[in-house]
> 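First, the structure itself, so that you have it in front of you.
Note that the structure is a prediction, hence the values are computed from the model and not measured.
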Amino acid sequence: TVPDSYTAGFANPATSGVIKAVQVVISAEKDDAKVTTIALVTRHSGADTVGAGVNPSNGSYAMFPTILETNPGTGVAWVYADFAADEFGVKRTA
């Protein structure tokens, strides 16, 4: 059973410089005949931003990369403090 949503934080590998983009990759498959849509979720300051939905295939894993050039929670360029505090996850949307 897959939860309706899941988020987790990531370690911040550096503390200075410029973050050009953040890439998050969802690896997913489904194991039944139902139509399933999942989406990337970015949690910033406790508020969730849900990305575009993707449809995993039945019986085989697929990779769904997303490149975030700006922080979806702020709409501006990434800063290290936000990256360290934000969480990323997956949500079932259908």
> Return yes if some donor-acceptor pair links the side-chain N/O of Lys34 with the main-chain N/O of Thr36 below 3.5 Å, else return no.
no
> Counting C-beta onward and ignoring hydrogens, is there a side-chain heavy-atom pair between Leu40 and Leu68 closer than 4.5 Å?
yes
> Would you say that more than 12 heavy atoms from the other residues, nucleotides or ligands in this model lie under 6.0 Å from the CD of Glu29, or not?
yes
> Could you check whether the rings of Trp78 and Phe83 sit parallel, tilted or perpendicular, using 30° and 60° as the cut-offs?
perpendicular
> On a heavy-atom basis, which atom in Thr70 and which in Ala77 lie closest, and how many Å separate them?
CG2-N, 4.2 Å
> Among Asn71, Thr42, Thr74, which residue satisfies the side chain to side chain donor-acceptor pair (under 3.5 Å) criterion with Asp86?
Asn71
> Are Val90 and Val41 packed together at the side-chain level, in the sense that at least one heavy-atom pair is separated by less than 4.5 angstrom?
no
> Ignoring hydrogens and geometry beyond distance, is a side-chain donor-acceptor pair present between Asn58 and Asp31 at under 3.5 Å?
no
> Which distance, rounded to the nearest 0.5 Å, do you find between the CD1 of Ile38 and the NZ of Lys30?
11.0 Å
> Is a donor on one side and an acceptor on the other found under 3.5 Å between the side chain of Thr93 and the backbone of Thr37?
yes
> To the nearest 0.5 angstrom, please state how far the CZ atom of Phe88 sits from the OG1 atom of Thr66.
11.0 Å
> Do you know which two heavy atoms are closest between Gly51 and Ala39, and how far apart they sit?
O-CB, 3.4 Å
